[in-house]
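Every number for a ligand or one of its atoms is a count from 1 in the order of the listing.
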Amino acid sequence: MTQSSKLHELLKVHFGYDTFRPNQLQIIENVLNGSDTLAIMPTGGGKSLCFQLPALYLEGTAIVVSPLIALMKDQVDALTANGIKATFFNSSQPQAEQQQSLEDLKDGKLTLFYVAPESLFLIESILREIKISLFAIDEAHCISSWGHDFRPAYTKLGILKAYFPQTPIIALTATADKATQDDIITQLGVPNADKFLSSFDRKNLYLDVRSGQNRLKQILDFLKNKLDESGIVYCLSRKSTESLAAKLKSAGFKAAAYHAGLSADDRSQIQEDFLNDQTPIIVATIAFGMGIDKSNVRWVIHYNMPKNIEGYYQEIGRSGRDGLPAHTVLFYSFADVIQLRRFVQGTPTEAFQLAKLERMQQFAEALSCRRRALLSYFGETLVEDCGNCDICKSPPNYFDGTLLAQKVCSVITRLREQEALGMVIDVLRGAQNAAVLEKGYQQIKTYGAAKDVSWLDLQQYIIQLLNQGVLEIWFHENGRLLLTPLAKQVLFEGAKIQLAHLNQRKEIASKTEAEETKTTSLLDKLKLLRSVLAKEMGVPAYVVFSDASLNDMV
Ligand code: ADP
Ligand code: MG
């Protein structure tokens, strides 16, 4: 029997599937080759199988490092139900259970052993005595402080390759951010790992971004004909999960709040009721969902804007895992942006996180296909607009912006992709400020190429180019602007670019929001103020508000 047919048989016998998902077989074969592997696959793409099947195929026990206790337990339960010998070990288990897990590990009869990174050192001596088939590092982005779920204990995982150089390591994540990928490979000490990147496109998810005004009313309207459907509302704070869940309940919906402040028992009960369709609606903080495998979640609402695009993508990705249509709604309000800014202020990675937040905000303000913007963030190019997002459903008016796009790309080329948005605009406009002159940028051939366009308009057009995947921001160094392969098509291969006329954003927002309230005009003024400050301070720049002005807004 060939390796491939043996793998297909194991897939059928243990998991009941006939075919592999994209990249699964290649990844599995790579692991079986003894090579180190980095598998990047969207949430729900089927990462677990990529180490579970090699674990079944190979002799010995696979050691799986996994960040969340709930996630470990779910996977072990599912494996056990499929007749696979697996157990887990973490500090929250009762002593007797821990002992049992260690005994099982020592016996060498387990196919998979799940362990929390914090507990790994407790089993080190046993690991030296047994046969290990492979190490799997699930949710591997937790190793990187550049990722969105940094877990300090993950940074110790570098010792695995040092102690067990012959044992293959497979790291798995849904974070496609290039810098995070590099960081994972470096920290795990596997510079020669083969990288497998799957498409991040989830065509069945409808992407909808709406103005954040009257959210409750909008949600109630949205839920009207979704009575039996499962869905998740993500909120920023524990308090708002509870108050929103209470409001939904009093409106007659079966809903529960979920956040890290609840007891472990409560949390697993709520989770179970959701999985069994007893409670169709969960109002949660981002503590809910990592690794939750429920295939029929029909909608996800972001009551507040997530702090970056990775988080947004992960959270909407919890819907529609069965491939059937699912609806995602992101409520966008400037007040959320301000609150999110406060969370990161003073943290060691502040500038980096602020830049990612700014990118999230630009996504929310996009005037072109959402999916194109989303995928381009993950380094993928969408050839045609998706037809399955709010912008595609109701597009703004566009003009041929090819020439302007060429000017922008040409300036970025001549700046050798070293400069951030503010400087790119200054050079395009032929600004004479000290920073431009000091660096000699007035010598550049395309200096002043777009001096007829105002600073703020140029800023908006460049953001459109970002959202269309022509440009991208390199967050890890001063947010400099980079050209994507699409930019090269614009410069050299006659690709056309449509830009939206400016001042259309409010129209789009007001489509979902009937009345223009006082808040809108205040928000518009604040946005303008932000843009002006951005111009003065370079980008990213933000406005800081007093509590009083904030209270006015929310
Ligand atoms: P990820 O870890 O990438 O988010 P999971 O490993 O939890 O995804 O898998 C998501 C779902 O896809 C699970 O229900 C899993 O059983 C299912 N799945 C995985 N591989 C296949 C396959 N080859 N065919 C059908 N379903 C699959
Ligand atoms: Mg997973």
Exercise for the section: Considering non-hydrogen atoms only, spot the tightest contact between A86 and L79 and give its length. Expected result: CB-CD1, 3.9 Å
All N/O donor-acceptor pairs, side-chain side in residues 113-124, below 3.5 Å, sequence neighbours left out:
unit_1	atom_1	unit_2	atom_2	d
Y114	OH	Q52	NE2	3.2
Y114	OH	Q75	OE1	2.6
E118	OE1	R151	NH2	3.3
E118	OE2	R151	NH2	3.1

Practice task
Pick one of side chain, backbone, both or neither for how P42 approaches ligand 1, counting any non-hydrogen atom pair under 4.0 Å.
Solution key: backbone
Problem - Atoms of ligand 1 close to S48 [distance to a heavy atom under 4.0 angstrom, numbered from 1] - result: 2 (O), 5 (P), 6 (O), 7 (O)
Practice task
List in chain and number order the residues that pass side-chain contact (heavy atoms from CB on, under 4.5 Å) with N23, two or more places apart in sequence or in another chain; answer none if no residue qualifies.
Solution key: Q26, I27, M41, F196, S198
Exercise for the section: For K47 and P42, indicate whether the former's side chain and the latter's backbone hold a donor-acceptor pair under 3.5 Å. Expected result: yes
Practice task
Select the closest option to atom 26 (N) of ligand 1 among Y17, F51, F15, F20, judged by heavy-atom distance.
Solution key: Y17
Handout entry: M41 touching ligand 1 at heavy-atom level, < 4.0 angstrom
Key = no
Exercise for the section: Any atoms of ligand 1 less than 4.0 Å from a non-hydrogen atom of T19? List them with their elements. Expected result: 22 (C), 23 (N), 24 (N)
Exercise for the section: Determine, for D36 against K161, whether the closest basic-nitrogen to carboxylate-oxygen distance falls under 4.0 angstrom. Expected result: yes
Handout entry: Part of Q24 with heavy atoms under 4.0 Å of ligand 1, whether side chain, backbone, both or neither
Key = side chain
